[in-house]
Protein chains: 2
Amino acid sequence: MSRNLDILIRELRVITQLRSVAAVLSWDQETYMPPGSARARADQISLIMSMSHARFISTDFRRSLGTLIDLPTGKVSEDNLAPEEVRLLEMTWRDWRRATALPVEFVGELTRLTAEAQHVWEQARRRNDFGLLAPYLEKIISMKRDEADYLGYDEVPYDALLDGYEPGLTTGQLQTLFNALRPALVDLMARIKDQAVPDRRKVLTQDYNETDQWEFGMGLLRDMGYDLTRGRQDRSAHPFTTNFHPSDVRITTRLRHDDLAIGLFGTLHEGGHALYEQALDENYFGTPLCEPVSLGIHESQSRLWENYVGRGRPFWKCYYPRLQERFPGQLKNVSLEDFYAAINTVAPSTIRTESDEVTYNLHIMLRFELEQALINDSVAVGDLPALWNEGLEKYLGIRPENDAEGVLQDIHWSMGAIGYFPTYGLGNRYGLQFYEAAKDQIPRLEDKIAGGDLGTLREYLRENIHRVGRAKTANELVRELTGGPLSAKPFINYLAQKYGELYSI
Amino acid sequence: MSRNLDILIRELRVITQLRSVAAVLSWDQETYMPPGSARARADQISLIMSMSHARFISTDFRRSLGTLIDLPTGKVSEDNLAPEEVRLLEMTWRDWRRATALPVEFVGELTRLTAEAQHVWEQARRRNDFGLLAPYLEKIISMKRDEADYLGYDEVPYDALLDGYEPGLTTGQLQTLFNALRPALVDLMARIKDQAVPDRRKVLTQDYNETDQWEFGMGLLRDMGYDLTRGRQDRSAHPFTTNFHPSDVRITTRLRHDDLAIGLFGTLHEGGHALYEQALDENYFGTPLCEPVSLGIHESQSRLWENYVGRGRPFWKCYYPRLQERFPGQLKNVSLEDFYAAINTVAPSTIRTESDEVTYNLHIMLRFELEQALINDSVAVGDLPALWNEGLEKYLGIRPENDAEGVLQDIHWSMGAIGYFPTYGLGNRYGLQFYEAAKDQIPRLEDKIAGGDLGTLREYLRENIHRVGRAKTANELVRELTGGPLSAKPFINYLAQKYGELYSI
């Protein structure tokens, strides 16, 4: 390996190790940390993260990177590199350019502002008082506009923000996608509503012993191929996946005795994320080749297992008898078809995280539209609550009872995460296209799943997506695997067919 | 506060925070970390610890310290400081001088050597082959001699090593103490042996449900005043206490269904350590004023709760009925006196950690004598196994079956921890003297304990020992609280009285 590259990679490893250490501190905070220690822990995390950031934007790092790459243009100048080494450098430069484009004082100010705004958001939601948060949001939006200017963009400022979460994706692409999706979803929703069967979910909201739920979930994770010698599951208030190294990828779950679906699909979801992280190539640890492509691609892996596998008939052909065996009192007399209908109930909710496959994406679109308008200065922060409620009515035919359940429901904006929500929606698209590609390329895939073989699919994902790291972009990955670009059509067809049958429309 | 002092304290905080972060990583390693991640975790801990060390020995830190103190002599040069600030500086200088006295390459080499030696020790113990470890121990002993030379000492090289664990204590003091203690213990041991009752411990080795043990232990911790909003207990292979900040002090315990004493006294022991760490003054976090005085004083707090409270009659007057209630099948027909005799059984064991109040200290003395001789070059590493076995025979009248249960039983020497063992013995002395001082100063203390009031004792320890941090040395603390120096006499009297009665001698 080139000596200069070796030096750069060593430093990248240290920077990533520091992030890993901060991730351990955060994991502990969400799982086992005694409550009285919140302040000391916040100080520790902030210290480690700022050390990591300082090294990445240091003059030493700049000098090291400059020995291999032309810093203003990002063109690799070192000769005799393998193609994956060139990609490693290009991706490193990309991250470095974004990190160094923002003045240090600006980053400090934004960090302080959003830290405070998150506390204010909690209060505002508790008191149902958007007015408390509004001045903070105004400052945040204004600073995010500045951030877009610092980062630069080709078409609209929102592109620069989006690029931080979904590299290479543009506002234009998203608009095309959503414009195709929106009328189809709104129409499907309206037709389903006419056919709604009350109490369709009731079977899921009986009393389910949490220990049994836990054990069933652990069994699923093992069958999916989650390696428990290099990972573990714990409980936390909000489920998440975190990784400190490909050899230590942890997930958490939330169980509710009165709703089986929460734990079941949460486990499949986080398990999908975890399979991705565990399969990254640890020989490249610290570099972009051992990182997930994007948030959207990451979410595609969780959604694939949660929805396309986990809410499908083949999967439950195998697992429903086992679930009945685990919960005979609750499920003995419930048919597979009734269970399948229950886990695929469509019911508009004001809350994004409680939404189903059909309505979820409409929540994302509403946020995307509002975010764009805020960054373009075409709406004022003060108008958000009204616009939110109108949008929800238009898309889902429901209105939130109050702002706490409306515009204040998500923490993202107060964190300064503008451009993040679309990745949740993209995950559904990418995930479906990957799943359909797998079905095309693996003979009788769904028969295998119905027979309890989850390993064939997992290996396919591992080989074609997980092991790739950032050696390919999201666009390249989708085109190469599915033969076409990201598109609304497969998703529209999937929903029309699945829910057409489920709701006899 | 002096501006220079303020700057120094800020940097001390960062150095300590990094150590805290490494402690979180270690805690996780011992409790929840998946086994496959051992290597990545070792790298993380080593990175953070080396960052902390590098800051402490940096020229920036030297400069900052030099604005307040004369670096060659340690005399505080800044005027107008409060007495505790002067002490803070003196203790900081003391630590800094020890840290900077060793060349960086020397520290690196010793770290590598002992890391390797610990792996070799594990193998050597497993294979019962001291020869494997011997060459490593030879190098370690030779480097520890060099370390003593770098650090400097007044009388003998061993002083310099001892000082790292028990500041201010000398080899001479220890020899005086042990010379007084040794004949008394050997004599007592011999007389007890003649009176030994077989199966005296049998009541403790019935089958005890681990969940019930856990809950009983948690109840004890709560009663002792261990604050569970700022701490927690978990299980691990070897019990330990760790702290990341006074607001996050964690302990672990080990439970065995076939030996009630392991969990019971382990919990009291770690609980005693934890009360100390939780009560340190967090306003001084990062400085010596928020640190325990020494390992010996730390151990005094664990031993005080484990032995002087926890193996005493007053404590069990209150808690034995509760224990019987928890384990009626095992204890309903066992009298308090039989239980008291069981938990105070004296039986020589080849294993230090399984030893009782009488024999434990003889194990420590043997190690102290061998360590001294090694450092003084008066014995060769190759002779250790034979010397070990002879010493044990002389003191306890037993011989280990093999080296794995003899000279190879403890990890300390392979870690380079020479001078550490004496602190275990000191804890017993200090602990007793503190407990007797508390009895003198608190009217009817043991009646209170028998009535279930552990809080009065805890508050006494908190006020007089825990809150002090390193504002006093161990010698000062003992003299001020007990009116005299560290001494063998109280311990000899205590054992003679307690075990004279228990064994009718």
Side-chain angles (χ1 to χ4, degrees), chain A residues 10-11 13-29 31-52 54-55 226-234 242-252 274 277-278 282 285-286 290, chain B residues 10-11 13-29 31-52 54-55 226-234 242-252 274 277-278 282 285-286 290:
Chain A
R10 273 167 204 272
E11 181 58 15
R13 286 223 168 100
V14 171
I15 290 164
T16 306
Q17 278 174 322
L18 287 169
R19 280 187 208 135
S20 296
V21 167
V24 176
L25 298 172
S26 298
W27 172 85
D28 179 70
Q29 177 175 273
T31 51
Y32 295 112
M33 190 186 80
S37 186
R39 208 161 110 198
R41 178 54 50 88
D43 289 345
Q44 291 161 359
I45 292 175
S46 141
L47 173 69
I48 299 293
M49 284 306 285
S50 68
M51 282 180 164
S52 178
R55 292 182 86 118
Y226 180 49
D227 180 353
L228 284 158
T229 69
R230 312 196 310 148
R232 52 177 292 117
Q233 183 175 248
D234 295 273
T242 185
N243 92 85
F244 317 138
H245 186 265
S247 65
D248 196 349
V249 177
R250 306 188 187 184
I251 63 177
T252 67
E277 302 268 6
Q278 283 195 329
E282 68 178 71
F285 176 72
C290 180
Chain B
R10 275 167 203 273
E11 182 58 16
R13 285 223 167 101
V14 172
I15 290 165
T16 307
Q17 277 175 323
L18 287 170
R19 280 185 208 138
S20 297
V21 167
V24 176
L25 298 172
S26 297
W27 171 86
D28 178 69
Q29 177 175 273
T31 51
Y32 295 113
M33 190 186 80
S37 186
R39 208 161 111 196
R41 178 53 51 86
D43 289 344
Q44 292 161 358
I45 293 175
S46 141
L47 173 70
I48 299 293
M49 285 306 285
S50 68
M51 282 180 163
S52 178
R55 291 182 87 119
Y226 179 50
D227 181 353
L228 285 158
T229 68
R230 312 196 309 148
R232 55 177 291 117
Q233 184 176 245
D234 296 273
T242 185
N243 94 83
F244 318 138
H245 186 266
S247 66
D248 196 350
V249 177
R250 305 188 187 182
I251 63 177
T252 66
E277 302 269 4
Q278 283 195 328
E282 68 178 70
F285 176 73
C290 181

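Residue numbers begin at 1 in each chain, while the letters A, B, ... track the order of the sequences.
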note = So, the part of V249(B) with a heavy atom under 4.5 Å from chain A: the answer is neither
query = If you round to the nearest 0.5 Å, how far is CE of M51(B) from CD1 of I15(B)?
reply = 13.0 Å
query = Checking D248(B) against chain A: side chain, backbone, both or neither under 4.5 Å from a heavy atom?
reply = both
ask   = For D227(B), is it the side chain, the backbone, both, or neither that has a heavy atom closer than 4.5 Å to a heavy atom of chain A?
value = neither
Pairwise distance CG(D234(B)) to CD1(I251(B)) - rounded to 0.5 angstrom = 9.0 Å
inquiry  = For a side-chain contact (heavy atoms from CB on, under 4.5 Å) check, start with the C-alpha distance between D28(A) and D28(B), then their side-chain angles and the critical distance, and finish with the verdict.
reply    = CA-CA 8 Å; D28(A) 179 70; D28(B) 178 69; over 6 Å; no
message = Return the CZ to CE distance between R250(A) and M33(B), rounded to the nearest 0.5 Å.
response = 7.5 Å
query = What orientation do F285(B) and H245(B) show, parallel under 30°, tilted 30 to 60°, or perpendicular over 60°?
reply = tilted
message = So for R41(A), is it side chain, backbone, both, or neither that comes closer than 4.5 Å to the heavy atoms of chain B?
response = side chain
request  = Pick one of side chain, backbone, both or neither for R39(B), based on which atoms fall under 4.5 Å of a heavy atom in chain A.
outcome  = neither
request  = Counting only heavy atoms closer than 4.5 Å, note whether Y32(B) contacts chain A via side chain, backbone, both or neither.
outcome  = both
Part of I48(B) within contact of chain A (heavy atom distance under 4.5 Å) = side chain
query = Among E282(A), R13(A), R232(A), which has the most heavy-atom pairs under 4.5 Å with chain B?
reply = R232(A)
